[in-house]
Undergrad: 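What follows is a structure written as structure tokens; I'll ask about it next.
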Amino acid sequence: MTKPPGKLLPLVAALLCGAVLAQAARPSDQSVTSAAPAVQTAAHAPLNVPVKARPTHEPSQPGPTKHQSRQQQRTTAPADDWNLTGHGKVLYLTFDDGPQPVWTPKVLQVLRKHKAKATFFVLGIQVAQFPELVTLERAAGHHVGNHTWDHKTLTLLPDAKMRQEITSGVKSKCLRPPTGATNAKIEATAAAVHQRQVLWDVDTKDWTKPGVAKIEHALLAGARPGAIILMHDGGGNRSETVTALDQALTKLTKQGYTYRSLPC
């Protein structure tokens with residue numbers, strides 16, 4: 001066997017060395033074939049393929065965590081809930097004709113004592129004189145409804161004056177017509193300014209000043225899940241109302257009742 005010419009030896013050595021280096025630098029077959037099909041499958045997978053049928057190497061889309069779900073619930077404003085009878089033993093205490101500088105704070109004190117929330121249907125003329133009392137009501141977590149400007153009976157007014165009485169009252173989602181006197185035209189006028197007409201289920205008749213015992217009895221006898229109860233914090237001396245409210249809430253709370261504001 002003849003030896004290769006001396007000039008060829010360096011060339012052969014160089015080729016062999018290059019081949020070894022190229023083989024070392026080339027990725028393995030497994031790494032090449034596992035990456036390419038994954039990209040291709042993800043790019044061309046049909047949209048209606050169930051998740052469990054997708055290739056196992058396809059990255060899954062993570063769902064929301066429990067923390068994210070709770071955060072989303074907190075930032076989503078709840079809709080107005082007028083299903084008043086759907087929350088168990090809940091009463092809706094309402095007070096008309098205020099705010100009044102003597103009796104409104106006393107009512108607020110009783111409500112705070114019993115951890116009760118209520119709705120105050122206020123007169124515009126009273127709010128103009130005592131705006132700080134409405135601020136106190138709202139700051140305590142109570143809601144405020146419109147009881148018109150100065151307590152005119154709406155059914156006895158010309159249409160223009162009726163509308164003025166409603167629109168001059170406090171801004172709210174709710175309207176309570178004075179004395180409960182209403183008709184379809186009044187309800188439609190309220191709806192046109194995005195106010196829901198709200199009457200009551202139980203009239204304690206505290207405005208007649210019948211005595212503490214009778215007001216308390218009306219509260220206890222009328223209590224049932226979802227009932228709207230009418231009382232007053234304005235329009236006269238409300239000492240009977242304050243005392244009866246305190247006594248009745250003590251007993252009703254022991255019966256398992258809680259007290260919420262209307263969604264006004």
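Just so we're clear, the structure is a prediction, and the values are computed from it rather than from any experiment. Positions are given from 1, in the same order as the sequence printed here.
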Undergrad: Take Arg238 and Asp206, measure what salt bridge (charged side-chain N to carboxylate O under 4.0 Å, His left out) needs, and give me the verdict at the end.
TA: CA-CA 8 Å; Arg238 299 300 172 213; Asp206 63 335; 5.1 Å; no
Undergrad: Does His114 have more than 12 heavy atoms from other residues, nucleotides or ligands lying within 6.0 Å of its NE2?
TA: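 Above 12, so yes.
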Undergrad: Both conditions, 6.0 Å and 45 degrees, for the charged tip of Lys89 above the ring of Tyr257: are they met here?
TA: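 Geometry flag: set, cation within 6.0 Å and 45°.
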Undergrad: Report yes if some heavy atom in the side chain of Lys106 is under 4.5 Å from a heavy atom in the side chain of Val102; otherwise report no.
TA: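 Lys106 vs Val102: side chains touch.
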Undergrad: In Å, rounded to the nearest 0.5 Å, how long is the span from CG of Asp233 to CZ of Phe120?
TA: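 Asp233 atom CG to Phe120 atom CZ measures 5.5 Å (nearest 0.5 Å).
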Undergrad: Test your reading of the model: is there a side-chain donor-acceptor pair from Gln126 to the backbone of Pro99, 3.5 Å cut-off?
TA: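 Judged by distance alone, yes, a pair lies under 3.5 Å.
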Undergrad: Check this for me: Gln129, atom CD, are more than 12 non-hydrogen atoms of other residues, nucleotides or ligands nearer than 6.0 Å?
TA: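 Buried by this count: over 12 neighbours within 6.0 Å.
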Undergrad: For the hydrophobic clusters of this structure (ILVMFWY residues joined by side-chain heavy atoms under 4.5 Å, transitively), does one cluster hold both Leu157 and Val193?
TA: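 Yes: a chain of side-chain contacts under 4.5 Å links Leu157 to Val193.
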Undergrad: Could you tell me whether the side chain of Leu93 reaches within less than 4.5 Å of the side chain of Leu111, counting heavy atoms only?
TA: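 Of all side-chain heavy-atom pairs linking Leu93 with Leu111, at least one is under 4.5 Å.
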Undergrad: Using a 4.5 Å cut-off on heavy atoms from C-beta on, say whether the side chain of Val198 contacts that of Leu175.
TA: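 No. Closest side-chain heavy atoms not under 4.5 Å.
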Undergrad: Specify the closest pair of heavy atoms between Leu252 and Leu219, including all atoms of both residues, with the distance to one decimal.
TA: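 Of all heavy-atom pairs spanning Leu252 and Leu219, the closest is CD1-O, 4.4 Å.
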Undergrad: Applying side chain to side chain donor-acceptor pair (under 3.5 Å) between Arg176 and each of Asn146, Thr148, Thr94, report the one that passes.
TA: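 Of the listed residues Asn146, Thr148, Thr94, the side chain to side chain donor-acceptor pair (under 3.5 Å) partner of Arg176 is Thr94.
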Undergrad: His151 versus His147: any side-chain heavy-atom pair under 4.5 Å?
TA: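 Yes, side chains in contact.
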Undergrad: Any non-hydrogen side-chain atom of Val110 less than 4.5 Å from a side-chain atom of Leu108?
TA: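 Val110 does not reach Leu108 side chain to side chain.
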Undergrad: Under 4.0 Å between a Lys/Arg side-chain N and an Asp/Glu carboxylate O for Lys152 and Asp150?
TA: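 Yes, Lys152 and Asp150 are salt-bridged.
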Undergrad: Once rounded to the nearest 0.5 Å, what's the spacing between atom NE2 of His217 and atom OG1 of Thr204?
TA: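 Result: 12.0 Å between the selected atoms.
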Undergrad: Mind listing the closest non-hydrogen atom pair of Leu249 and Thr253 along with its distance?
TA: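 Looking at all heavy atoms of both residues, the shortest contact is O-OG1, 2.7 Å.
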Undergrad: Is there a path of hydrophobic side-chain contacts, each under 4.5 Å between heavy atoms of I/L/V/M/F/W/Y residues, joining Trp149 to Val170?
TA: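 Hydrophobic grouping puts Val170 apart from Trp149.
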Undergrad: Report the C-alpha separation of Thr155 and Asn183 in whole Å, then their side-chain angles, then the decisive distance to 0.1 Å, and conclude whether the side-chain hydrogen bond (donor to acceptor under 3.5 Å, both in side chains) test is met.
TA: CA-CA 7 Å; Thr155 53; Asn183 55 35; 5.8 Å; no
Undergrad: Can you see which heavy atom on Gly222 is nearest to which on Val202, and at what distance?
TA: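 What the structure gives for the nearest pair is O-CG2, 3.5 Å.
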Undergrad: Please find the pair of heavy atoms, one from Leu199 and one from Pro177, that lie closest to each other, and give the distance.
TA: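 That closest heavy-atom pairing would be CD2-CD, 3.9 Å.
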Undergrad: Which atoms form the tightest heavy-atom contact between Pro263 and Asp81, and what is the distance?
TA: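 Residues Pro263 and Asp81, closest heavy atoms: CG-O, 3.4 Å.
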Undergrad: Hey, what do you get for CG (Leu154) to CD (Gln197), rounding to the nearest 0.5 Å?
TA: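 Nearest 0.5 Å value for the CG-CD distance: 9.0 Å.
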Undergrad: Using the rule given for side-chain hydrogen bond (donor to acceptor under 3.5 Å, both in side chains), can you reason through Ser172 versus Gln195, listing the C-alpha separation, both sets of side-chain angles and the distance that settles it, and then say yes or no?
TA: CA-CA 7 Å; Ser172 175; Gln195 294 187 12; over 6 Å; no
Undergrad: Are Leu133 and Val242 connected into the same hydrophobic cluster when the rule is that any two of I, L, V, M, F, W, Y join if their side-chain heavy atoms are below 4.5 Å apart?
TA: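 Yes, because Val242 and Leu133 connect within a single hydrophobic cluster, where side-chain heavy atoms sit under 4.5 Å apart.
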Undergrad: Look at the side chain of Thr208 and the backbone N and O of Lys205, then say whether any donor-acceptor pair between them is shorter than 3.5 Å.
TA: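 Answer holds: yes.
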Undergrad: How far apart are the C-alpha atoms of Ile229 and Trp200, what are their side-chain angles, what is the distance that settles it, and do they pass the side-chain contact (heavy atoms from CB on, under 4.5 Å) test?
TA: CA-CA 6 Å; Ile229 298 177; Trp200 54 84; over 6 Å; no
Undergrad: Do Leu262 and Leu84 have side chains that get closer than 4.5 Å, going by heavy atoms?
TA: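 SC-SC contact between Leu262 and Leu84 confirmed.
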Undergrad: Under 3.5 Å, is there a donor on one side chain and an acceptor on the other for Arg260 and Thr119?
TA: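 Side-chain D/A pair, Arg260 to Thr119: absent.
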Undergrad: Please check this pair: side chain of Ser261 against backbone of Ala118, looking for a donor-acceptor N/O pair closer than 3.5 Å.
TA: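 Checking the backbone N and O of Ala118 against the side chain of Ser261, a donor-acceptor pair under 3.5 Å is found.
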Undergrad: Is there a path of hydrophobic side-chain contacts, each under 4.5 Å between heavy atoms of I, L, V, M, F, W or Y residues, that connects Trp207 with Met231?
TA: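 No, Trp207 does not connect to Met231 through the hydrophobic network.
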Undergrad: Check whether the ring centres of His232 and Phe95 lie less than 6.0 Å apart, and answer yes or no.
TA: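 Centroid distance His232-Phe95: not below 6.0 Å, so no.
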Undergrad: Is it true that Glu240 and Lys214 have a side-chain N and a carboxylate O under 4.0 angstrom from each other?
TA: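 Looking at Glu240 and Lys214, the cut-off is not met.
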Undergrad: For the residue pair Pro105 and Gln100, what are the closest heavy atoms and their distance?
TA: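 Closest pair (atom of Pro105, atom of Gln100, distance): CD-O, 3.4 Å.
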